[in-house]
Amino acid sequence: MKGMTGRADEAQEGDDAIVARVLAGDRNAYARLVVRHQDLLYRHALRMTRESDAAADLVQAAFVKAYAQLGRCREPQRFGAWAFRILANQAKDWLKSRRRQDVSLDANPLPATSDDDPTLDLERSELRALLDAALAELQPGLREAFVLKHVEGLAYEEMAALMNVSVPALKMRVHRARQMLQDALQEVR
């Protein structure tokens, strides 16, 4: 019984308390921060890079950098947002270094969604490929805002906390991204 209470307390422990434990020398506590935040960071890195290996590498590098600079985290209760910023900056650097203009024909195909209508499945798959290609053409800041809003489903306030950008600026970025995607898709059709 005592062990279960300890686990419940650990699950409710805030990031600031865990950061304090890590800074006090409990290196094992850092793993809890990683487990707590790795899914969101990985999903974001994957949407930005469109490559699972690159996304995993970026997330790992972000957590290593966050650990090395943990003493510089000004708001430990917002460790997740701080780590997200580190990852987002690394993803933008990765995109700049790649400057990918090509669309791979070998991209992971989407699984069929309906046994009834393979034509509809093919159209959806083609539309997804077109959307992914158009998304890849967006500036990293616009792509990041669009992905957080429309893929991750975050509220503008959550996005602002993660990206350290004002809500009105994020709304403008999402609007511009949406407009650019619509324009790109209309050119194709």
Side-chain angles (χ1 to χ4, degrees), residues 37-63 65-66 78 80-189:
H37 299 288
Q38 69 185 352
D39 289 343
L40 174 64
L41 270 62
Y42 178 76
R43 284 191 313 268
H44 183 70
L46 185 60
R47 295 285 184 212
M48 294 296 289
T49 65
R50 299 173 53 211
E51 293 184 18
S52 60
D53 289 341
D57 290 346
L58 287 171
V59 170
Q60 182 177 9
F63 278 121
K65 185 172 184 175
R78 296 190 54 219
W82 183 68
F84 181 89
R85 255 338 310 137
I86 292 171
L87 171 76
N89 289 334
Q90 289 180 331
K92 287 176 186 176
D93 291 344
W94 184 89
L95 289 168
K96 285 178 190 174
S97 71
R98 296 297 296 255
R99 297 226 188 267
R100 299 179 73 175
Q101 299 298 322
D102 58 325
V103 177
S104 172
L105 297 176
D106 297 325
N108 294 334
L110 293 176
T113 56
S114 167
D115 293 333
D116 298 325
D117 192 353
T119 305
L120 182 60
D121 291 339
L122 180 60
E123 288 176 7
R124 285 181 181 157
S125 180
E126 289 173 351
L127 182 59
R128 176 63 187 248
L130 290 172
L131 182 59
D132 283 346
L135 196 58
E137 296 296 320
L138 293 178
Q139 298 169 355
L142 297 178
R143 181 185 324 172
E144 184 177 41
F146 182 86
V147 166
L148 287 174
K149 181 65 181 165
H150 293 294
V151 177
E152 294 295 332
L154 298 181
Y156 283 109
E157 292 75 18
E158 294 171 299
M159 293 168 57
L162 287 175
M163 297 177 67
N164 198 26
V165 176
S166 71
V167 170
L170 286 170
K171 287 181 178 181
M172 181 56 73
R173 287 182 188 181
V174 170
H175 175 75
R176 287 181 57 208
R178 199 178 301 130
Q179 187 62 49
M180 292 173 83
L181 289 172
Q182 286 174 347
D183 292 347
L185 292 175
Q186 284 179 352
E187 286 177 16
V188 174
R189 295 199 166 214

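Keep in mind that the numbers below use all heavy atoms, side chains included, and drop hydrogens, waters and symmetry copies.
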Legend entry - Pairing of R173 and E144 as salt bridge, 4.0 angstrom limit: no
Legend entry - Flag side-chain contact, heavy atom, 4.5 Å: M48 against L95: yes
Legend entry - Euclidean distance, L41 CG relative to Q90 CD, rounded to 0.5 Å: 9.5 Å
Inset, instruction - Take L46 and R50 through the side-chain contact (heavy atoms from CB on, under 4.5 Å) test and state the conclusion after the steps. - result: CA-CA 5 Å; L46 185 60; R50 299 173 53 211; over 6 Å; no
Inset, instruction - For side-chain contact (heavy atoms from CB on, under 4.5 Å), just list the numbers for V174 and K171, CA-CA rounded to whole Å, side-chain angles, deciding distance to a tenth of an Å, and then say yes or no. - result: CA-CA 5 Å; V174 170; K171 287 181 178 181; 5.9 Å; no
Inset, instruction - Using a cut-off of 6.0 Å, state whether more than 12 heavy atoms not belonging to H175 lie near its atom NE2. - result: no
Inset, instruction - Please examine the side chains of L135 and V147, heavy atoms only from C-beta on, and report whether any two atoms are closer than 4.5 Å. - result: yes
Legend entry - For A177 against F146, the heavy-atom pair lying closest together: CB-CB, 3.8 Å
Legend entry - Other residues, nucleotides, ligands: >12 heavy atoms within 6.0 Å of Q38 CD: yes
Please tabulate, for side-chain N and O atoms in residues 156-165, each donor-acceptor pair with protein atoms closer than 3.5 Å (sequence neighbours left out).
unit_1: E158; atom_1: OE1; unit_2: A155; atom_2: N; d: 2.7

Legend entry - Atom pair NE2/CZ of H150 and R47 - distance to nearest 0.5 Å: 13.5 Å
Legend entry - Minimum side-chain heavy-atom gap H37-F63 below 4.5 Å: yes
Legend entry - Pairwise distance CG(L142) to CE(M172) - rounded to 0.5 angstrom: 11.0 Å
Legend entry - Min side-chain heavy-atom separation D183-M180 under 4.5 Å: no
Legend entry - Side-chain (R143) to main-chain (A136) donor-acceptor, under 3.5 angstrom: yes
Legend entry - Close side-chain approach of E51 to W94, heavy-atom, < 4.5 Å: yes
Legend entry - Separation between NZ of K149 and CG of L154, rounded to the nearest 0.5 Å: 8.0 Å
